[in-house]
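Quick notes on the structure that follows.
The chains referred to below are lettered A, B, ... by the order of the sequence lines, with proteins before strands, and numbering in each begins at 1. Atom set for the values below is all heavy atoms of this structure, side chains included, hydrogens, waters and symmetry mates excluded. Note that the coordinates shown come from a computational prediction; the quantities given were computed from them, not determined experimentally.
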2 protein chains.
Amino acid sequence: MNDKERRSMPLFSIGIVMKLTELTARQIRYYEEHELVFPERTSGNQRLFSFNDVDRLLEIKDLLDKGLNLAGIKLLLDESVEEKQKQSEVKNSELSDRELRTILKNELKHAGRLGQTNLRQGELSRFFVNR
Amino acid sequence: MNDKERRSMPLFSIGIVMKLTELTARQIRYYEEHELVFPERTSGNQRLFSFNDVDRLLEIKDLLDKGLNLAGIKLLLDESVEEKQKQSEVKNSELSDRELRTILKNELKHAGRLGQTNLRQGELSRFFVNR
DNA sequence: AAAATAATGTAAGAAATACTAACATGAGGT
DNA sequence: ACCTCATGTTAGTATTTCTTACATTATTTT
């Protein structure tokens, strides 16, 4: 079992994720509905979240606090995943990029204050997963 | 939040612990009943296990495989906790020590083969918790 | 200003998971 | 043969989670 597998291992029920992220069940499910997180399911259809999922939720929370909307956050997170994957490979999927800028230009009119919570983005797996 | 707190943070439902340890719910509850692990509880009385708890369960499983009984395992684990705590401080609680030897002398007549499982003692938090 | 949209709250009913307590069983030791 | 230990199994209840639907509030859009 390597790092990547550890980070994506389904471990946490929604109740625990609520405490870890200080999000409500409604919020967490809504973000899944909009394809921002992809928790696994038990055989009985109960959600199981990984460290990665929890970190993503913390990122979402942070960006929401900064005034982004879910569409923008989705693009941002998808982009950063793509970047990590094809680490400066060829083209940065131009259409996505234009979309991104178009949307974020609008979103970032807001952006300012930030709420302080217990855990912040990336913190959970930084705490728990060896690198 | 430091290492110690991370390791003892209540995170896992019994269902996940079952998968992580390949123990049955009955076994896990039985070990708790006999004071070998001490999971926390939710407000609704559901068990919540920490990394430490899971590691302890993996140790218990290992020692059971080697033929020890629960009484012996309890003494062993309690001893090793004490040792870690008062790291070569003064006396090794002589009575406990005599008891330990008496009991283990008997137990260790067996001890041999070992079953291979996914995770082994200490492995879970070694995997997940920074040191 | 009225209407639409986004994000979240809330409630209902069903399904899954977990709890305790009790009795059953099989392997070893005495 | 009888005990004890560790575990299986079952029953009934409680807790948690699920989906769906409707409500609410703030912010755009028309």
Under 4.0 Å from OP1 or OP2 of dA18(C): is there any side-chain N or O of Ser13(B) that close?
yes
Are Ile60(B) and Leu57(B) close enough, and set up right, to give a side-chain contact (heavy atoms from CB on, under 4.5 Å), and what steps lead you there?
CA-CA 5 Å; Ile60(B) 292 165; Leu57(B) 287 171; 4.2 Å; yes
Between P on dT16(D) and CD1 on Ile28(A), what's the gap in Å once rounded to a whole number?
15 Å
Rounded to the Å, how far apart are Arg41(B) CZ and dA14(D) C1'?
13 Å
OP1 or OP2 of dT19(D) versus the side-chain N and O atoms of Asn45(A): is any pair under 4.0 Å?
yes
side-chain contact (heavy atoms from CB on, under 4.5 Å) assessment of Leu11(B) paired with Ile16(B)
CA-CA 10 Å; Leu11(B) 292 173; Ile16(B) 292 160; over 6 Å; no
What does nucleotides 6-11 of chain D look like as a protein-contact string, B for base, S for sugar-phosphate only, - for none, at under 4.0 angstrom between heavy atoms?
BBBB--
CD of Gln46(A) versus C1' of dA18(C): gap in Å, rounded?
11 Å
Could you tell me the separation between the CD atom of Glu33(B) and the P atom of dT20(C), rounded to a whole number of Å?
9 Å
Under 30°, 30 to 60°, or over 60°: which ring-plane class applies to Phe51(B) and Phe51(A), parallel, tilted or perpendicular?
parallel
Any donor-acceptor pair under 3.5 Å from Asp65(B) side chain to Asp62(B) backbone:
no
Rounded to the nearest angstrom, tell me the gap between atom CD1 in Ile16(A) and atom C1' in dA18(C).
13 Å
Ionic contact status for Arg56(B) with Asp53(B), cut-off 4.0 Å:
no
Rounded distance in Å - CZ (Arg29(B)) to P (dA18(C)):
8 Å
Can any side-chain N or O of Lys61(A) pair as donor or acceptor with the backbone N or O of Thr21(A) at less than 3.5 Å?
yes
What is the distance, to the nearest angstrom, from the NZ atom on Lys74(B) to the C1' atom on dC5(D)?
17 Å
NA contact type, Arg47(B), heavy-atom cut-off 4.0 Å: base, sugar-phosphate, or nothing?
sugar-phosphate
For dA16(C), does either OP1 or OP2 sit under 4.0 Å from a side-chain N or O belonging to Ser43(A)?
no
NZ/NE/NH1/NH2 to OD/OE distance under 4.0 Å, Glu32(B) and Arg41(B):
yes
